[in-house]
Amino acid sequence: MSQDAPKRGEFEELAMPLFDSLYNFARWLTQNREEAEDLVQETYVKALKGFSSFQAGTNFRAWMFRILRNSFLNSRTGLAARMTVGIEPEEEENIAGADQHTPETILLQRISHEAVAEAIEQLPVHYREVLLLCDVEELKYQEIAETLSLPVGTVMSRLSRARKAVRECLEKKSGVKSGSTPERSAAGKSK
Amino acid sequence: MACELWHEKIGAFVDSELSSEETAELNAHLRGCNSCAAEIVEQLQLKRVTQAAGNKYKYEAPLELRKKILQNVAAKKQRTWRWNWALAVAVLVLFAVLLYPVLRPQPQAPFRELADIHTATLASANPLDVISSDKHTVKPWYQGKLSFSFEPPELKNTPYSLLGGRLAYFQQSSGAELLCQYKQHRISVFIFEDRPEWKPGTSASVLQPTGMSVESWSQGGLRYVVLGDAAPDVIHDLAEMWKQAARV
């Protein structure tokens with residue numbers, strides 16, 4: 001028992017600074033306050049229990065996010081999200097073909113944060129999580145790969161798709177149709 | 001490298017995940033490729049608005065939840081501390097038990113030391129500095145030698161007699177040692193200035209392992225110790241006479 005004391009102290013020291021990020025991530029995933037709270041609590045309980053198995057030197061942040069994310073996937077909301085999304089078709093799709101552009105420099109300048117947040121919320125979970133981990137929590141690709149138990153290549157392709165989806169959603173919101181600008185079409189063709 | 005291939009890497013560039021070589025190559029490519037340059041600007045802007053929106057709509061964790069989680073972690077830690085305390089107490093108790101014979105208060109220790117002085121006095125070829133059975137001779141002898149004075153009892157017409165006195169040194173202070181006799185027993189009466197380490201009073205008792213009897217009391221700021229190999233009641237009677245004399 002007494003041998004656990006330094007471990008617990010160490011856990012608290014490592015895990016509590018991640019509390020805000022974990023809660024934010026949980027909230028974005030679940031989109032429900034109570035579920036997010038339960039999820040964060042569950043994450044800490046599991047992490048504390050499994051802390052002895054955590055290997056020093058590996059990424060603790062990614063480890064915590066992974067516990068939270070796996071807990072989410074096993075929750076009712078997470079299961080529902082997985083059912084509705086299905087297995088991603090990303091491998092067949094051409095990522096580089098994000099070519100039908102609107103003048104997004106203008107679109108993105110005038111778009112409200114609220115609209116962007118809504119676009120993120122509407123993303124399927126497997127896109128939402130990767131985008132949040134990268135752009136909001138600022139995890140490195142390697143950390144995201146560890147968190148989601150995916151190869152880095154898949155992280156990159158999911159990110160690309162998530163961004164494309166956000167962009168398309170914003171275009172819809174702003175009423176601008178893809179590829180409607182001759183200038184951008186010309187630019188696309190010149191590639 | 002063709003634009004299509006660079007497009008795959010633009011995301012990594014925007015996320016600062018390209019190696020420095022690749023970044024340098026891409027920069028070189030961008031100088032001649034408006035399409036890729038425009039794509040980068042868009043992606044950077046998209047990332048920026050995503051970050052901004054994500055941060056603006058960052059959900060603030062409820063304080064209660066933080067407290068609850070912290071308590072969960074800390075509560076377990078406190079339990080651990082309680083165990084640590086229990087362990088510390090157990091160790092202390094064990095030490096106390098083991099060290100008790102060594103560290104226990106030894107109220108008889110000063111008397112043993114005085115018993116040694118008494119024995120040394122008796123063994124000495126010249127045990128006394130002043131030899132007289134007259135208290136009016138013995139008492140004045142101490143004048144100027146001690147920082148206090150005392151009143152010896154009149155032992156004439158008692159079973160006791162005064163043999164004389166000497167200076168005694170006990171625990172870095174000087175005092176009087178008066179030698180009295182009861183039949184064949186010689187008894188020392190020590191008088192020192194009283195100290196807090198002395199117990200308030202010790203009724204006649206037998207010192208182990210010497211078998212000597214001792215009685216001690218404090219009176220008028222002085223500590224009296226009557227000590228000898230006579231029976232405790234003999235010591236006690238002599239002590240009573242000294243107490244009586246000191247009261248006068």
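What you see is a predicted model, and the numbers here were worked out from it, not measured in a lab. Letters A, B, ... are given to chains in the order of the sequence lines, protein chains preceding strands, and every chain is numbered from 1.
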Colleague: Are any of the side-chain heavy atoms of A:Q122 and A:R128 separated by less than 4.5 Å?
Modeller: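 A side-chain contact is absent here, since even the closest heavy-atom pair is not under 4.5 Å.
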
Colleague: Do any N or O atoms from the side chain of A:E143 and from the backbone of A:K140 form a donor-acceptor pair under 3.5 angstrom?
Modeller: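 Judged by distance alone, yes, a pair lies under 3.5 Å.
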
Colleague: Where on A:E118 is there a heavy atom nearer than 4.5 Å to chain B: the side chain, the backbone, both, or neither?
Modeller: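 Contact with chain B: none, neither part.
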
Colleague: Below 4.5 Å from any heavy atom of chain A, which atoms of B:E17 appear? Answer side chain, backbone, both or neither.
Modeller: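 For B:E17, the side chain is the part near chain A, not the backbone.
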
Colleague: Which answer fits B:K47, side chain, backbone, both or neither, if we ask what part of it has an atom under 4.5 Å from a heavy atom of chain A?
Modeller: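 Both parts, backbone and side chain.
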
Colleague: Main chain of A:A26, side chain of A:T30: is a donor-acceptor contact present, judged purely on distance under 3.5 Å?
Modeller: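 Confirmed, A:T30 side chain pairs with A:A26 backbone.
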
Colleague: How long is the span from the CZ atom in A:F72 to the CD atom in A:E129, to the nearest 0.5 Å?
Modeller: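 Here the interatomic distance stands at 8.0 Å.
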
Colleague: Search all heavy atoms of A:T147 against all heavy atoms of A:R69 and return the closest pair with its distance.
Modeller: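 Of all heavy-atom pairs spanning A:T147 and A:R69, the closest is O-CD, 4.4 Å.
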
Colleague: What part of A:E138 gets closer than 4.5 Å to chain B, counting heavy atoms only: side chain, backbone, both or neither?
Modeller: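 Only the side chain of A:E138 comes within 4.5 Å of chain B.
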
Colleague: Count the heavy-atom pairs under 4.5 Å between each of B:I10, B:N55, B:D15 and chain A, then report the option with the highest count.
Modeller: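 Answer, by heavy-atom pair count under 4.5 Å with chain A: B:D15.
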
Colleague: Taking every non-hydrogen pair under 4.5 Å, which of A:L159, A:V136, A:N24 racks up the most with chain B?
Modeller: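 The candidate making the most pairs under 4.5 Å is A:N24.
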
Colleague: Given heavy-atom pairs under 4.5 angstrom as the criterion, report whether the side chain, backbone, both or neither of B:E60 touches chain A.
Modeller: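 Looking at B:E60, just its backbone touches chain A.
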
Colleague: Check each atom of A:Y141 against the heavy atoms of chain B and say whether the ones under 4.5 Å are side chain, backbone, both or neither.
Modeller: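 Both the backbone and the side chain of A:Y141 come within 4.5 Å of chain B.
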
Colleague: For the pair B:D229 and B:R186, find out whether any cationic side-chain nitrogen is under 4.0 Å from an anionic carboxylate oxygen.
Modeller: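 Answer for the salt bridge query: no.
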
Colleague: At a 4.5 Å cut-off on heavy atoms, which part of A:L131 comes close to chain B: side chain, backbone, both, or neither?
Modeller: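 For A:L131, the side chain is the part near chain B, not the backbone.
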
Colleague: Any donor and acceptor pair, going by atom type alone, linking the side chain of B:Y224 with main-chain N or O of B:F192 inside 3.5 Å?
Modeller: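 No, B:Y224 side chain to B:F192 backbone: no donor-acceptor pair under 3.5 Å.
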
